Amino acid sequence: NFRFTGEPPVYHPLLAQPDKFFPLLDRFGQYRHADWPEKVKSEKELQERAAKEKAELAGIPAVSGRSRFGGWADGPTLHATGFFRVDRWNDRWTLVDPDGKLYFGLGIGGVNFRKTEYKKGRTHWFTTQGNHQVYNLKAKYGENYTEGAMQMAFLRLAKWGFNAVGGWCDIRVFQKHPVAYTPVLLDWSKKGLIPGRKFYDAFDPAFKKELDDNFQGKWKFSINDPWCIGYFIHNELQLHPAVNAERVAAAPASMPAKQEFRKYLEKKYPEISSLNKAWDSDYKNYEDFMQSRKVRFNIEKAFPDMDAFGKIMVEQYYKVCSEAVRRHAPNHLYFGSRIMPVAKADVDLAPLIEKYCDVVAINDYYCLYRNLRFPGMTKPIWLSEYSIRADGRGFWGVQQVKDQKERAELYRELLHDILANPNLVGVSWFSYYDQIQTGRDIKGEGYPWGFVDITDTPYREMGAMNREVGDNLYKIRFGSQTENK
């Protein structure tokens, strides 16, 4: 029989007294009903911390043995193109920096200065209603807080041993960079979006135009920038081919993908009766199919065609995105859409996706990175999101590890596994800042992912551990894979 063991959870007694429990966050966005050493008590304390940390960081020497782009200065020099590129060296994939030095991207994302806070129906949770991160940064760095916070971020990342910034960063971080970068373009864009799905109709000319407009508009500064490694386009798409094709089959006749689906079906089933027999459907003719806005077929019987056309849509999507990168930024790399280890979707499609990518980006939180690779893949990988969380600083709920010391130790293990994987060429930790613990959206995602908390106070153990590994980054990657482990 199943039975419970151990001690039952202990809930805060104030949970039974809502009038005393709420608001649960203070004006700094910290949990009111707990205390910890780093908890901020006043605006003056924030200012004092800024001055103290800046002086401490200034006293830390720069990471040695790195090229100006963060590559392996003391390692071999390969062919230099003036931009980042992919190559192989000693039977492993590697990036090569613009000066020809071997490069492994030790990156971090989310360097932005206004995290989303969801308050609908929750205003009584908060002592104040403004954005807490902005309030803290203004108190710490003044009215021009973004510049102060950005310069502190650049200083921290350099002294902590990072050599890249990834997705979800303030665009000014990329524009003012002293560090290589890999931005995310067009996540949640609307042009060509398939109804009810986070996937796109890449047959739609409007989809291609939006890509062109973004490269020639918002991201034009990056096109000839040697510090730009390459681009992610979109993030964590819903790639299930059959499901996407089912939505297209019930979409308006004006949808370009539906028009392509008709061509596919007419070629395979010249007579509508043949389609109806295969799908157990009741279309009068193909024009009836085009005008239909309902599922008028047996999903199970139609699955082979839905799956096949869905894969055509996936291939068209990556083809169009790849062509946009080649057309506008031919010197930069295309990383794909940051796929996930989702069986029967992203995993199965990886060999098709990689045909159009220079490097395949994967978001993966399973912490099993020594052998990270999807079946059938041959291209190098950029681990575009990964993270671990620890208890403490007022975050409720059990996280992955008990404290920051244990978190840093696990982080060391993960980095050594990452550097031992011959297929990985870079990583982007998610994220620089914690999320607010009440949730960034209605789903309630509010986790301590960060190297820095909501008050702009660093998790020192994580910064120190990143520097420890960063000092030996290329020795571990290209030397003995077990050294210092």
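The shown structure was predicted, so the numbers you read here are calculated from the model rather than taken from an experiment. The residues of the chain are indexed from 1 along the displayed sequence.
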> Side-chain donor-acceptor contacts of residues 70-84 below 3.5 Å, not counting sequence neighbours, with atom names and distances?
residue: T77; atom: OG1; partner: K101; partner atom: NZ; Å: 2.7
residue: T81; atom: OG1; partner: F83; partner atom: N; Å: 3.3
residue: T81; atom: OG1; partner: F83; partner atom: O; Å: 3.0

> Between K140, R49, K115, K138, which is the residue that forms a salt bridge (Lys or Arg N to Asp or Glu O under 4.0 Å) with D456?
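Considering K140, R49, K115, K138, a salt bridge (Lys or Arg N to Asp or Glu O under 4.0 Å) with D456 is found only for K140.
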
> Tell me if the aromatic rings of F221 and F174 count as close, with their centers under 6.0 Å from one another.
no

> Could you tell me which residues satisfy salt bridge (Lys or Arg N to Asp or Glu O under 4.0 Å) with K54, sequence neighbours excluded, listed by chain and number?
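With neighbours one apart ignored, the set is empty.
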
> For Y334 and Y356, I'd like to know if the aromatic rings sit close, meaning centre-to-centre distance below 6.0 Å.
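Centroid distance Y334-Y356: not below 6.0 Å, so no.
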
> Pick out which of R172, M152, K176 makes a side-chain contact (heavy atoms from CB on, under 4.5 Å) with E147.
K176

> Quick one: do D212 and R327 make a salt bridge, cutoff under 4.0 Å?
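So D212 pairs with R327 through a salt bridge.
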
> Can you confirm whether or not the ring centre of F162 sits under 6.0 Å from the ring centre of F451?
yes

> Compute the centroid of each ring, for W429 and then for Y411, and state whether the two points are separated by less than 6.0 Å.
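When the ring centroids of W429 and Y411 are compared, they turn out to be within the sub-6.0 Å range.
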
> Which heavy-atom pair separates E38 from T457 by the least distance, and what is that distance?
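Scanning both residues completely, I find the closest heavy atoms to be CB-CG2, 4.2 Å.
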
> Indicate the atoms forming the closest heavy-atom contact of K191 with F207, along with that distance.
O-CD1, 3.6 Å

> Once side chain to side chain donor-acceptor pair (under 3.5 Å) is applied, do any residues pair with R338, and if so which ones, sequence neighbours excluded?
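Per chain and number, R338 pairs via side chain to side chain donor-acceptor pair (under 3.5 Å) with N235, E385.
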
> Taking N472 for its side chain and I476 for its backbone only, find out whether a donor-acceptor pair lies under 3.5 Å.
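No, because the side chain of N472 does not come within donor-acceptor range (under 3.5 Å) of the backbone of I476.
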
> Which heavy atom of R156 sits nearest to which heavy atom of L57, and what is that distance?
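Taking R156 first and L57 second, the nearest heavy atoms are CG-CD1, 3.7 Å.
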
> Looking only at heavy atoms, what is the nearest atom pair of S384 and N363, with distance?
OG-OD1, 2.5 Å

> Minimum heavy-atom separation for F374 to D346, with atom names?
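Looks like CD1-O, 4.1 Å.
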
